[in-house]
Amino acid sequence: MSRASRRAGRPPHLWAVVLAACAGQFLVVLDVSVVNVALPSMRTDLGLSAVGLQWVLNAYTLTFAGFMLLGGRAGDLFGRKLMFLTGLGVFAAASLAGGLAQEGWQLVAARAAQGVGAAVLAPSTLTILTTAFPEGPARTRAIGTWTAVGAGGGAAGGLVGGVLTGALSWRWVLLINVPVGALVLVAAALWLAESRDGVRRRLDVPGAVLVTGGLSAVAYGIVQTESAGWTAASALVPLAGGLLVLAGFVALEARTREPLVPLGLFRLRSVSAANVAMFVNGAAMFCMWYFMSLYMQNVLGFTPVQAGLGFIPQSLSIVLGSKLAPRVMQWTGARTLAVTGTLVAAGGYFWQTGMHAGGGYLDTVLGPGVLMALGAGLSATPLASVATSGAEPGRAGLVSGLINTSRTMGGALGLAILSTVAAGGIEGSGAAGQAAGYALAFRTGAWMLLGSAVLMLLTLPRPEGRGPQEGSDDGSARPARADRTAAERRTG
């Protein structure tokens with residue numbers, strides 16, 4: 001229960017909290033993938049170059065990931081409801097600008113602004129849930145619903161983009177956010193209760209600028225390798241510069257009195273291990289929708305609408321996995337389920353490497369796609385649950401931002417890397433050559449997922465009954481949790 005609701009003497013409308021949080025999460029995740037099917041139409045209409053077309057995706061993903069830490073911290077300091085409303089307002093306004101764009105640079109700029117709005121909005125969606133629900137089955141179910149809706153947003157991107165592009169135009173993949181966003185804004189303003197960290201402090205703006213600039217430079221360098229190669233100066237300079245900027249960010253955070261990311265937070269194994277696993281999984285899994293969309297349209301000859309409809313079984317599978325995860329966790333534990341889900345996805349990736357120019361939908365799209373999506377849904381909920389389990393209430397927004405940043409930045413970097421791998425594996429301009437390149441990307445992603453599963457086995461905390469409390473190597477989280485419970489009794 002939120003503090004504002006307790007002061008008002010009435011319980012929060014928990015169904016409205018879940019609805020608003022999930023709607024916000026759906027919108028921001030949907031826009032990561034919704035433009036994939038619409039990209040050819042955007043290129044034709046606005047005269048975008050191949051590089052410009054790629055930045056329609058990258059501008060959103062990079063600003064989304066880079067500013068998410070700042071968005072999560074701003075929610076803790078200034079209020080989760082305020083940041084939810086602010087982020088959603090910026091997101092809807094940028095969607096309108098993108099839908100009305102007349103030049104390629106205007107579309108890219110609007111997508112970057114969308115990413116900033118999403119970065120402010122996304123951390124608040126999870127934090128609103130974790131502050132409204134106490135730890136236990138109710139919170140686990142709420143997180144499971146949030147994960148399922150977010151996963152469904154990513155999965156539905158191809159379907160929504162294909163249907164809107166085919167029935168109306170590419171502009172509606174962005175314009176549709178405006179009326180939906182307006183409805184969610186009104187509902188959130190009426191039903192959400194405000195909550196924030198009790199101590200008002202300044203934001204670490206220099207830290208936010210450094211981490212955003214560093215991550216963006218690294219991603220830009222990786223993107224450049226697709227056309228220039230890994231040894232070219234145009235790739236090495238931004239890569240080296242980005243790493244130096246990130247090193248400066250770590251040095252600043254270690255010295256500043258009010259850091260954006262308290263480095264001591266990573267001493268909690270639940271936080272550090274879950275974020276690394278989420279990063280690696282995101283790097284492999286984000287690319288699934290992108291390459292499958294290209295395979296269906298460029299190799300199998302599907303129309304945008306047909307490709308969108310082809311994603312329906314995968315969309316249902318990832319939602320099913322996310323909804324099953326909270327129940328299965330009660331029997332297996334978060335660690336076991338996260339590893340199992342990742343291995344299921346890896347099996348789908350290895351199956352997908354059999355794609356070829358003469359393939360059919362059932363054997364080269366449906367079967368492996370369902371496995372990949374199911375594994376993604378099963379693994380995301382336990383990882384999010386582990387990462388947030390040991391965090392103090394005042395840092396809930398920060399931890400939520402870290403989880404989203406890890407997944408999204410992993411996806412951005414993974415797409416750049418695997419696109420380079422695919423480009424290197426394409427032989428000629430025919431359908432068979434393209435299928436070979438996409439298959440190589442999936443094979444690389446499969447090995448990434450296997451590595452992630454091994455990493456989780458070695459680093460994720462074991463169930464509570466076998467050792468120290470989950471979220472701490474030495475059980476140090478227990479006193480903090482006990483102090484928190486006592487404080488809640490005094491304020492309740």
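Quick note: numbers below take in every heavy atom, side chains included, and nothing from hydrogens, waters or symmetry partners.
- Taking the side chain as every heavy atom from C-beta outward, L294 and Q434 never approach each other to under 4.5 Å.
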Taking it one step at a time, do M355 and F291 satisfy side-chain contact (heavy atoms from CB on, under 4.5 Å)?
-> CA-CA 11 Å; M355 62 202 312; F291 287 115; 6.0 Å; no
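- The aromatic rings of Y438 and Y295 sit perpendicular, their planes meeting at an angle over 60°, well past the 30° parallel limit.
- Under the 3.5 Å distance criterion, with hydrogens and angles disregarded, no donor-acceptor pair is assigned to the side chains of T364 and Q352.
- Nearest heavy-atom pair, R171 versus G99, reported as atom, atom and distance to 0.1 Å: NH1-O, 2.9 Å.
- Under the 4.5 Å side-chain criterion, counting only non-hydrogen atoms from C-beta, T459 is not in contact with V276.
- For R111, the salt bridge (Lys or Arg N to Asp or Glu O under 4.0 Å) test picks out D31, with sequence neighbours left out.
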Go through the steps to decide whether L88 and L27 satisfy the test side-chain contact (heavy atoms from CB on, under 4.5 Å), and finish with yes or no.
-> CA-CA 9 Å; L88 185 55; L27 285 176; 4.0 Å; yes
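- A pairwise comparison of heavy atoms in V305 and G166 identifies CG2-CA, 3.9 Å as the closest pair.
- Here CE of M288 is found 7.5 Å from CD of Q314. Values are rounded to the nearest 0.5 Å.
- With V339 as the partner, the side chain to side chain contact (heavy atoms under 4.5 Å, CB included) test is satisfied by one option alone out of T342, L343, T336: L343.
- Contact check for R407 versus M285: no side-chain heavy atoms found under the 4.5 Å cut-off.
- With values rounded to the nearest 0.5 angstrom, L210 atom CG is found 8.5 Å from L246 atom CG.
- In this structure the side chain of K323 never reaches within 4.5 angstrom of the side chain of L320, judged on heavy atoms.
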Kindly determine whether F84 and V184 satisfy side-chain contact (heavy atoms from CB on, under 4.5 Å), including the steps that lead there.
-> CA-CA 10 Å; F84 183 96; V184 178; 4.1 Å; yes
For residues 442-455, please give each side-chain donor-acceptor pair under 3.5 Å, one per line with the distance, not counting sequence neighbours.
from: T444; atom 1: OG1; to: L440; atom 2: O; distance (Å): 3.0
from: S452; atom 1: OG; to: N281; atom 2: OD1; distance (Å): 2.7

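- Note that the CE atom of M278 and the CG atom of L383 stand 5.0 Å from one another [nearest 0.5 Å].
- Within the 3.5 Å criterion, the main-chain N or O of A376 finds a donor-acceptor partner in the side chain of S379.
- Atom OG1 of T340 is separated from atom CZ of R335 by 10.5 Å, given to the nearest 0.5 angstrom.
- Closest heavy-atom contact between V299 and A431: CG2-O, 3.7 Å.
- Applying the side chain to side chain contact (heavy atoms under 4.5 Å, CB included) test to L168 and every residue at least two apart in sequence or in another chain returns L164, W172.
- Rounding to the nearest 0.5 Å places OG of S317 at 10.5 Å from CE of M372.
- Between M83 and L121 the shortest side-chain heavy-atom distance does not fall below 4.5 Å.
- Taking OG1 of T381 as the start and CG of L324 as the end, the distance is 10.0 Å to the nearest 0.5 Å.
- Not a single donor-acceptor pair under 3.5 Å links the side chain of Y349 to the backbone N or O of A441.
- Looking at every heavy atom in both residues, A38 comes nearest to W170 through CB-CB, 3.9 Å.
- Between the side chain of Y361 and the backbone N or O of G310 there is at least one donor-acceptor pair closer than 3.5 Å.
- Closest of all the heavy-atom pairs between A274 and L460 is N-CD2, 3.8 Å.
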Starting from the C-alpha separation in whole Å, work towards a yes-or-no answer on side-chain contact (heavy atoms from CB on, under 4.5 Å) for L174 and Q114.
-> CA-CA 10 Å; L174 301 174; Q114 268 190 309; 3.8 Å; yes
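- In terms of heavy-atom proximity, A119 sits nearest to T63 at CB-O, 3.9 Å.
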